[in-house]
Amino acid sequence: MKHLSKDDRLQLMKFVCSFAWADLHVRSSERTMVHKLVKKLKLGDDEKKQVEQWLKVPPPAEEVDPNSVPRVHRQLFLETVRELIASDGEIAPGEAENYALFEQLMK
């Protein structure tokens with residue numbers, strides 16, 4: 001994750017927050033994971049505020065385009081999103097379906 005640019009880190013968080021909303025509810029365990037990622041990625045204050053906004057209202061769908069993820073980062077995005085959807089101990093059918101589609105589009 002250290003090799004991600006500022007824009008790539010924010011894009012990763014946009015995808016993560018989008019998946020947190022997949023079941024129409026951001027659970028506390030998902031919120032906790034997002035906050036851990038924010039620290040791990042060393043996001044700035046403006047970026048942290050943006051992430052908090054995405055936890056209140058999901059990012060617009062048109063801004064979460066798998067084709068916009070650089071090929072070199074796709075595996076990292078997949079792994080991070082998979083970690084998020086499993087963070088609450090259960091993977092809802094909608095989350096599994098969205099992840100499967102995401103995985104197909106990222107390959």
Side-chain angles (χ1 to χ4, degrees):
M1 287 190 188
K2 293 179 182 179
H3 62 280
L4 295 175
S5 71
K6 177 182 174 181
D7 289 341
D8 290 336
R9 290 190 309 261
L10 200 55
Q11 184 182 34
L12 173 60
M13 293 309 301
K14 188 182 292 188
F15 276 88
V16 167
C17 290
S18 177
F19 271 88
W21 278 100
D23 60 358
L24 303 178
H25 177 73
V26 179
R27 300 183 187 281
S28 62
S29 57
E30 293 167 329
R31 217 174 268 286
T32 299
M33 186 191 161
V34 167
H35 290 137
K36 286 179 183 177
L37 272 173
V38 164
K39 287 180 184 178
K40 187 174 185 178
L41 293 170
K42 298 179 181 173
L43 298 183
D45 290 339
D46 289 343
E47 295 162 319
K48 289 176 188 176
K49 287 178 187 173
Q50 180 60 70
V51 171
E52 287 301 320
Q53 187 59 37
W54 289 330
L55 288 174
K56 292 177 185 170
V57 178
E62 64 272 8
E63 292 182 16
V64 189
D65 179 4
N67 293 317
S68 69
V69 177
R71 189 162 294 285
V72 69
H73 300 315
R74 289 183 178 187
Q75 188 61 39
L76 173 65
F77 276 53
L78 283 166
E79 290 168 4
T80 306
V81 165
R82 186 175 4 177
E83 187 178 339
L84 173 88
I85 64 173
S87 69
D88 62 2
E90 66 179 80
I91 299 176
E95 289 175 320
E97 186 177 314
N98 286 343
Y99 182 79
L101 178 59
F102 181 56
E103 188 175 34
Q104 287 176 351
L105 293 171
M106 292 289 270
K107 293 188 177 188

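Atoms considered below: every heavy atom in the structure, side chains included; atoms not considered: hydrogens, waters and symmetry mates.
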- [ ] Can you measure from CG (L4) to CG (L10) and round to the nearest 0.5 angstrom?
- [x] 11.5 Å

TODO: Compare every heavy atom of C17 with every heavy atom of L55, then report the nearest pair and how far apart it is.
DONE: CD2-SG, 4.1 Å

Task: Within residues 72-84 or reaching into it, pairs that qualify as side-chain hydrogen bond (donor to acceptor under 3.5 Å, both in side chains) - sequence neighbours excluded - done: D8-H73, Q75-E79, R82-Y99

Open item on the list: According to side-chain hydrogen bond (donor to acceptor under 3.5 Å, both in side chains), does anything in residues 44-59 pair up with another residue at least two apart or in another chain? List the pairs.
Closed with: H35-E52

TODO: With sequence neighbours excluded, give me every side-chain hydrogen bond (donor to acceptor under 3.5 Å, both in side chains) pair touching residues 9-23.
DONE: Q11-S68, K14-E63

Open item on the list: Rounded to the nearest 0.5 Å, what separates atom CG in D88 from atom NE2 in H25?
Closed with: 9.0 Å

- [ ] Could you tell me which non-hydrogen atom of E95 sits nearest to which non-hydrogen atom of E30, and how far apart they are?
- [x] OE2-OE2, 3.3 Å

Task: Shortest non-hydrogen contact from F102 toward V81 - done: CE2-CG2, 3.9 Å

Task: Pairwise distance CG(L37) to CG(L84) - rounded to 0.5 angstrom - done: 8.0 Å

